[in-house]
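See below for the structure under consideration.
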Amino acid sequence: MTVNYGFNATLTAKPGMGDQVVELLRSGLNEGNPAASEHCAVYLICRSASDPDVIHVTEGWTSEEEHHRLFATEAAKAIVAQFDALLAKESDYTDYVPVVGKPSF
């Protein structure tokens, strides 16, 4: 599978709510949710080593169109709507077009 579109996001949880943000992000991998799609090749959730309330997400998709299509679904909207109560500020996003790399888990 070729990743043609992706992004990194940094989410800052309200103090002490980092675990809830991680669990909500993990739900994106559940059957029927966007990250479970065959069009999502990379879905990586990381935490800051120095601040457990800072979470980094990297996503890689077959196309930008597939990403937007899947995030327009009711399942995705339901997940996204829950972030407002958990985040201390607006998330920072950086989109990109992958050039080379090796995801291996």
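Reckoned from all heavy atoms, side chains included, excluding hydrogens, waters and symmetry mates.
- Rounded to the nearest 0.5 angstrom, I79 CD1 and R26 CZ are separated by 13.0 Å.
- Across M17, E23, K14, a single residue satisfies side-chain contact (heavy atoms from CB on, under 4.5 Å) together with L86, and that is M17.
- In this structure, Y93 and V57 have side chains that are not in contact, with every pair of non-hydrogen atoms separated by 4.5 Å or more.
- The two residues N33 and A75 make their nearest non-hydrogen contact at OD1-CB, 3.4 Å.
- Nearest heavy atom pair, residue Y5 against residue S63, reads CB-C, 3.8 Å.
- Of all the heavy atoms in C40 and A35, the pair that sits closest is CB-O, 3.8 Å.
- Taking each heavy atom of H56 and R47 in turn, the nearest pair found is CD2-C, 4.5 Å.
- Screening H67, E65, R69 against H39 for a side-chain contact (heavy atoms from CB on, under 4.5 Å) leaves a single residue, R69.
- There is no path of hydrophobic side-chain contacts, each under 4.5 Å, that joins I45 to V54.
- For Y43 against L25, the heavy-atom pair with the smallest separation is OH-O, 2.7 Å.
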Q) Step by step, would you call V3 with Y96 a side-chain contact (heavy atoms from CB on, under 4.5 Å)? A) CA-CA 10 Å; V3 175; Y96 56 79; 5.6 Å; no
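- Each of T58, D92, D95 was checked for a side-chain hydrogen bond (donor to acceptor under 3.5 Å, both in side chains) with N8, and the lone residue meeting it is T58.
- Among all heavy-atom pairs drawn from L11 and S91, the shortest one is CG-OG, 3.4 Å.
- Separating the CG atom in L70 from the CD atom in E66 is a distance of 6.0 Å, to the nearest 0.5 Å.
- Atom OG1 of residue T12 and atom CD1 of residue I55 lie 7.5 Å apart, to the nearest 0.5 angstrom.
- Put simply, the side chain of P34 reaches to within 4.5 Å of the side chain of W61, judged on heavy atoms.
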